Amino acid sequence: MNRSTFLRVASAGVAAAASAALLAGCGTDAVAKDRGKDKEKDKDRRPGSAFTVTHVGGPTTLLEIAGARILLDPTFDAPKKYPSGLEKKQAPAFGVDRLGKIDAVLLSHDQHDDNLDDSGRELLKDIPVVLSTPGAHQRLGTHVTGLKSWESRNLKTSRGTLKVTAVPALHGPDGVDRGADGEVTGFVLSGKGVPTTYVSGDNASVKVAKKAGERIRKEIGRIDTAVLFAGAARTPAILDNAPLTLTSKNAALVAKELNPRKVVAVHTDSWNIYSEDMASLVKAFKDQGIAQRLVDLEPAGTAKSLR
């Protein structure tokens, strides 16, 4: 689907040193155990300062939140075919040269070109903080910090502290273990005065997202914004063409379960393995009666306020 359709339908050394300065381990301790703080948590549901999202293409998305510029799954190659069989069909909205300073990259996984392409790999070398999976740390090097599910790191910003917590994700149908090739992670961003933001990563499971959401609400607070990787990615070589990311229907079900104020839907364009586009996602959200929560990201490359 072309990008205008949405409007119509929706109405290492240097990096390692810098990383050490910016990151502080938080471990896996639960946050806000006292349930009497629920009202205080809810005050953070709406962002009190600038909170914008810019969709670059595919999963690649820039979040400007709590004084930090956070990039999700960098893919900046021009259209091309890859030895893996993946093909990039559409150029990013802008190149690395227009990206500006990035404080951290949150990388759902490194194994697949549509989440980390050649240009993205080069970019990581210049980013002070890169958070991903333990496997990504082993494959990409020490400038990448691998987090197990529910491990956290603190990112110091000009406005305080932004906490990043890894959350579970399943890169395929429920009950399937794809081993190292399927290792992925989601994230949740939180902190004092920070709108709690869930990033699904390449998760295909409503059950996994629901369970993560329950723990987030209990330990951190209500979810303000959900960034969902949809598109129902499929390839005949893996699990008989089963969806490896959220289908449009399941993305809408996740949105209903998490009950965020806003939903940012990405991972539906630019790559040949995405089987469902934005039009089908908008329809699914309409069917669930929650289309008003979808953030209109068009035109790509334009910062959209989430306040």
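All figures in this text were calculated on a predicted structure; none of them were measured in a lab.
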Practice prompt. For residues Thr245 and Ala232, report the shortest heavy-atom separation together with the two atoms involved.
Written response: OG1-N, 3.3 Å

Discussion item. Nearest 0.5 Å, please: how far is CD1 in Ile127 from CG in Leu71?
Written reply: 7.0 Å

Worksheet item: Is the backbone of Leu281 close enough, under 3.5 Å, to the side chain of Ser248 for a donor and an acceptor to pair up by distance?
Response: yes

Item to complete: Indicate the atoms forming the closest heavy-atom contact of Val144 with Leu140, along with that distance.
Response: CG2-CB, 3.8 Å

Worksheet item: Can you pull the salt bridge (Lys or Arg N to Asp or Glu O under 4.0 Å) pairs that have at least one residue in residues 88-100, sequence neighbours excluded?
Response: Glu87-Lys89, Lys88-Asp117

Item to complete: Report the hydrophobic cluster partners of Leu239, with the cluster defined as I, L, V, M, F, W, Y residues connected by side-chain heavy atoms closer than 4.5 angstrom, directly or transitively.
Response: Val176, Ile238, Leu244

Worksheet item: Looking only at heavy atoms, which two atoms of Val167 and Phe187 are closest? And how far apart?
Response: CG2-N, 3.4 Å

Fill in: Heavy-atom check, side chain of Val282 versus side chain of Lys286, under 4.5 Å
yes

Practice prompt. Output all residues satisfying side chain to side chain contact (heavy atoms under 4.5 Å, CB included) with Ser190, sequence neighbours left out; order by chain, then residue number.
Written response: Lys163, Thr196, Ile220

Fill in: Residue list, side chain to side chain contact (heavy atoms under 4.5 Å, CB included) with Ala68, at least two apart or on another chain
Ile70, Asp103, Leu155, Thr157, Leu162

Item to complete: Could you point out which residue of His267, Gln111, His112 forms a side chain to side chain donor-acceptor pair (under 3.5 Å) with Asp202?
Response: His267

Practice prompt. Compare all side-chain heavy atoms of Val227 with those of Thr197 and state whether any distance is below 4.5 angstrom.
Written response: yes

Discussion item. Between Ile65 and Val194, is there a side-chain heavy-atom distance shorter than 4.5 Å?
Written reply: yes

Fill in: Minimum side-chain heavy-atom gap Val199-Phe229 below 4.5 Å
yes

Worksheet item: Does Glu64 reach the main-chain N or O of Thr52 with its side chain, forming a donor-acceptor pair under 3.5 Å?
Response: no

Discussion item. Less than 4.5 Å apart, side chain to side chain, heavy atoms only: is that true for Thr225 and Val295?
Written reply: no

Discussion item. Looking at Glu214 and Arg217, is there a salt bridge between them, counting it only when a charged N and a carboxylate O are closer than 4.0 Å?
Written reply: no

Worksheet item: How close do Pro74 and Leu124 get, heavy atom to heavy atom, and via which atoms?
Response: CG-CD2, 4.1 Å

Practice prompt. May I have all residue pairs that pass side-chain hydrogen bond (donor to acceptor under 3.5 Å, both in side chains) and include part of residues 70-82, sequence neighbours excluded?
Written response: Thr60-Thr75, Asp73-Ser108, Asp73-Asn115, Asp77-Tyr82, Asp77-Ser119, Lys80-Asp118

Practice prompt. With the side chain counted from C-beta on, respond yes when Arg234 and Glu276 share a heavy-atom pair under 4.5 Å apart, and no when they do not.
Written response: yes

Worksheet, complete the sentence: Looking only at heavy atoms, the pair that brings Gly58 and Tyr274 closest together is CA-CE1, 4.3 Å

Fill in: CD-CZ distance between Gln288 and Arg293, expressed to the nearest 0.5 angstrom
10.5 Å

Worksheet item: Where do Gly120 and Leu116 come nearest, in terms of heavy atoms and distance?
Response: C-CD1, 3.5 Å

Worksheet item: For Asp174, does the CG atom sit with more than 12 other heavy atoms under 6.0 Å from it, leaving out its own atoms?
Response: yes

Discussion item. Within this structure, what is the CG-OG distance for the pair Leu170 and Ser205, rounded to the nearest 0.5 Å?
Written reply: 5.5 Å

Discussion item. In the structure I gave you, are the side-chain heavy atoms of Arg178 and His171 within less than 4.5 Å of one another anywhere?
Written reply: yes

Worksheet item: For the side chain of Lys304 and the backbone of Glu298, is there at least one donor-acceptor N/O pair under 3.5 Å apart?
Response: yes

Worksheet item: When rounded to the nearest 0.5 angstrom, what distance separates CD1 in Ile216 from NZ in Lys211?
Response: 13.0 Å

Worksheet entry | Rounded distance (nearest 0.5 Å) linking atom CG of Leu63 with atom CG of Leu189 | 6.5 Å

Discussion item. Between Arg69 and Leu62, is there a side-chain heavy-atom distance shorter than 4.5 Å?
Written reply: yes

Worksheet item: For Ala226, which residues count as a side chain to side chain contact (heavy atoms under 4.5 Å, CB included) partner, sequence neighbours excluded?
Response: Tyr198, Leu228, Leu258, Pro260

Fill in: CG-OG1 distance between Leu147 and Thr145, expressed to the nearest 0.5 angstrom
6.5 Å

Fill in: Residues Thr161, Asn154; criterion side-chain hydrogen bond (donor to acceptor under 3.5 Å, both in side chains); working and verdict
CA-CA 6 Å; Thr161 300; Asn154 281 346; 5.4 Å; no

